[in-house]
**Q** 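Just passing along the structure, written as structure tokens.
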Amino acid sequence: MTLLLALALAVDPVDAEGEGDIVVLDDADPDTTDPQETSASVTVIEVDDSLPAASDVSTVVDSASGTTVQRLGGLGDFSGVSIRGSTMRQVQVSLDGVPLNPDGSGAVNLSSLPLWAFERVEIYRGNAPPELAAAPIGGVVNLRTGSPSGLGVSLTAGSLRTGHGTVVAAGDRGPFEGLFIVDGFRTDGDFVYFNDNGTEYNLDDDRFETRLNNEKAQVNAHMRLRVGDDRLRLTLMEALLVRDEGLPGHAGSPTSSVRLSTRRSLTSAVVDRSPGLWSTRVMGWALVLDETFDDRQGQIGLGSQHTVSRFNAFGVTGTARGAIGSSAVPALTVAVRTDRYASTDLLSHTSTDATRWALTPSASADVWLFSDTLTLTGVMSGLVLTSVAGQDADRLTFAAPRGGVLYRPVPNLALKANAGRYLRPPDFTELFGDRGAMLGNPDLQEERGVQADVGVRGVSPSSWRVQGTAEVGGFWNAVDGMIVYVQNSQRTAVPLNLEDAWIRGVEAALTLQYGPIDSQSNLTRTWSLNRSQNPQYAGNQLPRVPNWEAYQRTAVSFRTLRLGHSFSYTDGNMWDRTNWYRASPRPVHGAFVQVSPKAPWPSIELDVLNATNRIVETVPRNPLDPSDPATVQQPLTDFVGYPLPGRTLLLTLRWETP
């Protein structure tokens with residue numbers, strides 16, 4: 001790290017004039033990703049007024065092909081993302097490249113992140129760029145802040161006594177650039193849902209109930225200061241979260257007093273040096289996550305609990321890139337990190353303490369051939385992991401090579417292929433955690449995966465009246481030791497390793513812009529296979545990997561008026577390894593109306609979520625017997641036993657000043 005820091009501060013600019021045709025790195029914005037110029041399967045979604053005001057990070061991520069967002073109920077409830085059939089922990093979520101869950105150390109709650117603090121959302125499905133120092137089995141969701149200016153205010157009020165407010169202030173003076181964002185959200189979450197009381201064959205105890213103990217309240221503060229220019233720049237960032245919520249539990253066993261409090265701080269300092277032929281970046285960061293779980297009445301899990309836990313992660317990442325002639329840019333990235341997990345049971349006065357050190361060196365190169373028609377990307381990454389829990393210490397060494405090919409016969413057409421090897425160690429919560437309904441398993445082994453994908457992406461020529469992009473791809477993943485949470489008869493979930501799992505699928509995405517009409521569509525078909533030696537599970541579909549997912553959003557603008565409709569669909573989702581419990585199909589419609597008068601008047605928008613009020617679905621009584629014609633009523637859920645709300649109205653006012 002000292003060598004890289006010295007390189008970042010000491011390399012002199014190189015005068016390229018008269019040296020022939022060479023690659024100059026400082027002409028490119030390192031914070032910009034163009035899906036047309038990378039072999040990676042990546043979707044980039046701009047966060048702007050084209051999105052409905054009711055959007056959050058989970059809905060934006062869910063609108064990309066290959067993604068599945070699982071929610072624990074209504075507005076603001078936990079939501080995590082799966083990419084191409086991965087688990088939620090197999091996806092890394094980062095803020096400006098700074099990880100919130102390094103090496104998959106937890107499932108990030110997307111509802112805890114303020115969407116309007118960011119300029120765009122990048123969803124890497126599989127192979128991620130080496131500068132992120134991440135090689136997760138599923139992919140990476142990277143949230144990037146931009147360079148806004150002026151003042152922006154957004155206020156939302158609506159159903160379920162929901163309120164949401166965001167203030168964005170940004171500006172620059174000389175070499176200084178500042179960004180400050182405060183985002184607050186609260187809701188009672190007391191929606192009406194259908195409860196079959198866990199007895200699918202007994203209709204006499206079916207009823208509609210009100211969701212209790214589901215209120216949420218959180219505040220985010222996001223601050224960033226930049227000093228310098230494109231040649232030498234220092235960036236300081238602080239992202240704070242304070243969140244308190246009730247945990248309503250399974251619909252058949254509602255709770256009245258279970259609480260969870262979360263405090264999170266993510267701090268980073270980044271030095272970028274781009275003097276010409278060399279580009280270097282040194283980043284130091286610290287993550288502190290505190291959680292307090294209070295179930296002293298024993299309403300979730302197997303008994304009374306009151307625990308306090310803390311997860312700390314401190315890391316330094318250094319990256320150096322240099323041009324060799326006109327056709328190659330090699331890079332070296334080294335990341336060093338230490339994690340610590342400490343948990344105390346305030347009732348039994350017992351504690352758990354574990355520490356982990358990680359070293360991740362990575363060497364990569366981008367090579368351009370045939371006048372940039374063909375691009376080859378290769379990465380050789382390693383992981384040296386040392387874990388200490390009590391008196392036990394384990395060391396793990398793993399090599400993770402991966403690479404990609406990008407072929408562009410014409411600038412508007414890109415053919416892509418990627419392959420790689422990946423690893424994720426079990427996180428501390430999976431090993432030692434205890435959250436009432438979710439217990440730890442200290443015997444878990446690491447997950448090892450192999451992944452490959454191919455795809456074609458096209459962009460319409462600028463001369464066409466219809467502008468847009470089209471993308472079609474296929475993917476194949478094999479995971480040995482895949483960790484899944486399995487629910488037992490006490491409705492407590494325990495993580496277990498699957499012996500072997502295969503996931504393959506095809507995905508398609510289309511965006512169109514024609515005059516006042518813009519549209520975004522995607523479709524994903526996934527096949528999954530449990531290759532366990534246990535005949536009870538062998539050949540079954542993997543839990544929580546749906547067969548079909550589709551998304552479509554269309555909007556039409558008429559001067560100051562903008563109308564839009566969205567539709568999402570999920571089907572073929574199994575909740576357990578035996579494939580006995582199949583979730584009901586989930587078709588959900590949404591709509592919005594926006595009026596944007598000229599300044600200084602604010603824009604006003606009405607959003608309708610689940611516009612058709614779909615909360616019950618008719619499904620086969622016995623999904624394992626196709627010859628049985630009987631059907632039953634089943635609540636619409638996104639996670640087993642956690643219902644989704646019906647029709648929800650949200651009204652938003654927005655002001656912006658230059």
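Any value given below was found using the heavy atoms of this structure, including those in side chains, with hydrogens, waters and symmetry copies removed.
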**Q** Are any side-chain N or O atoms of Asn109 and backbone N or O atoms of Ser79, one a donor and one an acceptor, separated by less than 3.5 Å?
**A**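 Yes: the side chain of Asn109 pairs with the backbone of Ser79.
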**Q** Take Leu247 and Ile300 through the side chain to side chain contact (heavy atoms under 4.5 Å, CB included) test and state the conclusion after the steps.
**A** CA-CA 9 Å; Leu247 300 183; Ile300 291 182; 4.2 Å; yes
**Q** Should Arg224 and Glu238 count as an ion pair when the cut-off is N to O under 4.0 Å?
**A**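 Result for this pair is no, no salt bridge flagged.
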**Q** Is there side-chain contact between Pro543 and Trp575, with heavy atoms separated by less than 4.5 Å?
**A**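 When only atoms from C-beta onward are counted, Trp575 and Pro543 do not touch, as no gap falls below 4.5 Å.
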**Q** Who are the salt bridge (charged side-chain N to carboxylate O under 4.0 Å, His left out) partners of Glu549, not counting sequence neighbours?
**A**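 Salt bridge (charged side-chain N to carboxylate O under 4.0 Å, His left out) check on Glu549 returns nothing, list empty.
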**Q** Any ion pair linking Glu209 and Arg211 (charged N to carboxylate O, less than 4.0 Å)?
**A**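 The answer is no: the pair does not qualify as a salt bridge.
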**Q** Please determine, by modelled atom types, if Thr187 and Thr162 share a side-chain donor-acceptor pair under 3.5 angstrom.
**A**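 On atom types as modelled, these side chains qualify, holding a pair under 3.5 Å.
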**Q** Do you see a donor-acceptor pair shorter than 3.5 Å between the side chains of Thr145 and Asp96?
**A**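 Per modelled atom types, Thr145 and Asp96 side chains form a pair under 3.5 Å.
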**Q** Verify, without hydrogens or angle tests, whether Ser86 (side chain) and Gly138 (backbone) share a donor-acceptor contact under 3.5 angstrom.
**A**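 Looks like no, no N/O pair under 3.5 Å.
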**Q** Could you check whether any side-chain N or O of Asn613 sits under 3.5 Å from a backbone N or O of Arg647, counting only pairs where one atom can act as donor and the other as acceptor?
**A**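 It does hold such a pair.
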**Q** Determine yes or no for a side-chain-to-main-chain donor-acceptor pair under 3.5 angstrom, with Asp103 supplying the side chain and Ser105 the backbone.
**A**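 No, Asp103 side chain to Ser105 backbone: no donor-acceptor pair under 3.5 Å.
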**Q** Do Asp183 and Thr166 have a side chain donor and acceptor closer than 3.5 Å?
**A**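 The answer is yes; a qualifying pair exists.
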**Q** Is it true that the side chains of Thr560 and Ser596 contain a donor and an acceptor less than 3.5 Å apart?
**A**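 Distance-only check fails for Thr560 and Ser596.
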**Q** Do NZ/NE/NH1/NH2 and the carboxylate oxygens of Glu430 and Arg89 come within less than 4.0 Å?
**A**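 Looking at Arg89 together with Glu430, the answer is yes, because their closest N to O distance falls below 4.0 Å.
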**Q** Would you call the rings of Phe428 and Phe311 parallel, tilted or perpendicular, taking 30° and 60° as the class edges?
**A**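 The rings of Phe428 and Phe311 sit tilted, inter-plane angle from 30° to 60°.
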**Q** Salt bridge check: are Glu656 and Arg654 linked by an N-O gap of less than 4.0 Å?
**A**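 Result for this pair is no, no salt bridge flagged.
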**Q** Side chains of Ser309 and Ser343: donor-acceptor distance under 3.5 Å anywhere?
**A**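 Checked: Ser309/Ser343 side chains show no N/O donor-acceptor pair below 3.5 Å.
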**Q** Does Ser154 reach the main-chain N or O of Gly165 with its side chain, forming a donor-acceptor pair under 3.5 Å?
**A**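 Between the backbone of Gly165 and the side chain of Ser154 there is no qualifying donor-acceptor contact (under 3.5 Å).
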**Q** Enumerate the ring-ring contact (aromatic ring centres under 6.0 Å, His included) contacts for residues 582-617, please, sequence neighbours excluded, ordered by first and then second residue.
**A**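 Non-adjacent pairs meeting ring-ring contact (aromatic ring centres under 6.0 Å, His included): His565-His589, Phe567-His589.
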**Q** Partners of Ser50 by side chain to side chain donor-acceptor pair (under 3.5 Å), sequence neighbours excluded?
**A**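 Scan of Ser50 (side chain to side chain donor-acceptor pair (under 3.5 Å), adjacent residues dropped) gives Asp48.
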**Q** What residues, two or more places apart in sequence or in another chain, satisfy ring-ring contact (aromatic ring centres under 6.0 Å, His included) together with Phe78?
**A**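 In terms of ring-ring contact (aromatic ring centres under 6.0 Å, His included), with neighbours along the sequence ignored, Phe78 is linked to no residue.
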**Q** Are Tyr124 and Thr33 close enough that a side-chain donor and a side-chain acceptor fall under 3.5 Å?
**A**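 Their side chains do contain a donor-acceptor pair, which is all the 3.5 Å distance test asks for.
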**Q** Restricting to salt bridge (charged side-chain N to carboxylate O under 4.0 Å, His left out), what partner residues turn up for Arg125, sequence neighbours left out?
**A**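 So Arg125 forms a salt bridge (charged side-chain N to carboxylate O under 4.0 Å, His left out) with Glu471, Glu507.
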**Q** Would Leu609 and Leu75 count as a side chain to side chain contact (heavy atoms under 4.5 Å, CB included) here? Give the steps.
**A** CA-CA 10 Å; Leu609 311 180; Leu75 297 174; 3.8 Å; yes
**Q** Are a donor atom and an acceptor atom from the side chains of Gln552 and Ser566 found within less than 3.5 Å of each other?
**A**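 Short answer, no.
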**Q** Is it true that the side chains of Gln594 and Arg562 contain a donor and an acceptor less than 3.5 Å apart?
**A**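 There is no such pair between these side chains.
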**Q** We want to know whether Arg296 and Ser304 form a side-chain donor-acceptor pair, criterion being a heavy-atom distance below 3.5 angstrom.
**A**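 Not at all, the side chains of Arg296 and Ser304 share no donor-acceptor pair under 3.5 Å.
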**Q** Tell me, please, which residues at least two apart from Asn610 pass side chain to side chain donor-acceptor pair (under 3.5 Å).
**A**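 With neighbours one apart ignored, the set is empty.
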**Q** Strictly below 4.0 Å, N to O, side chains only: are Asp77 and Arg71 in salt-bridge contact?
**A**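 Salt bridge: no.
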**Q** Less than 4.0 angstrom from a charged side-chain N to a carboxylate O is my criterion; do Arg161 and Asp188 meet it?
**A**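 Yes, Arg161 and Asp188 are salt-bridged.
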**Q** Do Gln92 side-chain atoms and Ile137 backbone N/O form a donor-acceptor pair below 3.5 Å?
**A**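 The answer is no, because no donor-acceptor pair under 3.5 Å joins these two groups.
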**Q** Would you say the side-chain atoms of Asn142 pair up with the backbone N or O of Gly97, donor to acceptor, closer than 3.5 Å?
**A**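 Answer holds: yes.
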**Q** Is there a donor-acceptor contact under 3.5 Å from the side chain of Asn101 to the main chain of Val93?
**A**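 Side chain of Asn101 to backbone of Val93: a pair is present.
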**Q** Using a strict threshold of under 4.0 Å (side-chain N to carboxylate O), is an ion pair present between Asp244 and Arg259?
**A**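 Result for this pair is no, no salt bridge flagged.
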**Q** Are side-chain N/O atoms of Thr59 and Asp56 paired as donor and acceptor at under 3.5 Å?
**A**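 Checked: Thr59/Asp56 side chains pair up, N/O donor to acceptor below 3.5 Å.
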**Q** Applying side chain to side chain donor-acceptor pair (under 3.5 Å), run through Thr255 and Asn213 and close with a yes or a no.
**A** CA-CA 6 Å; Thr255 70; Asn213 195 35; 2.9 Å; yes
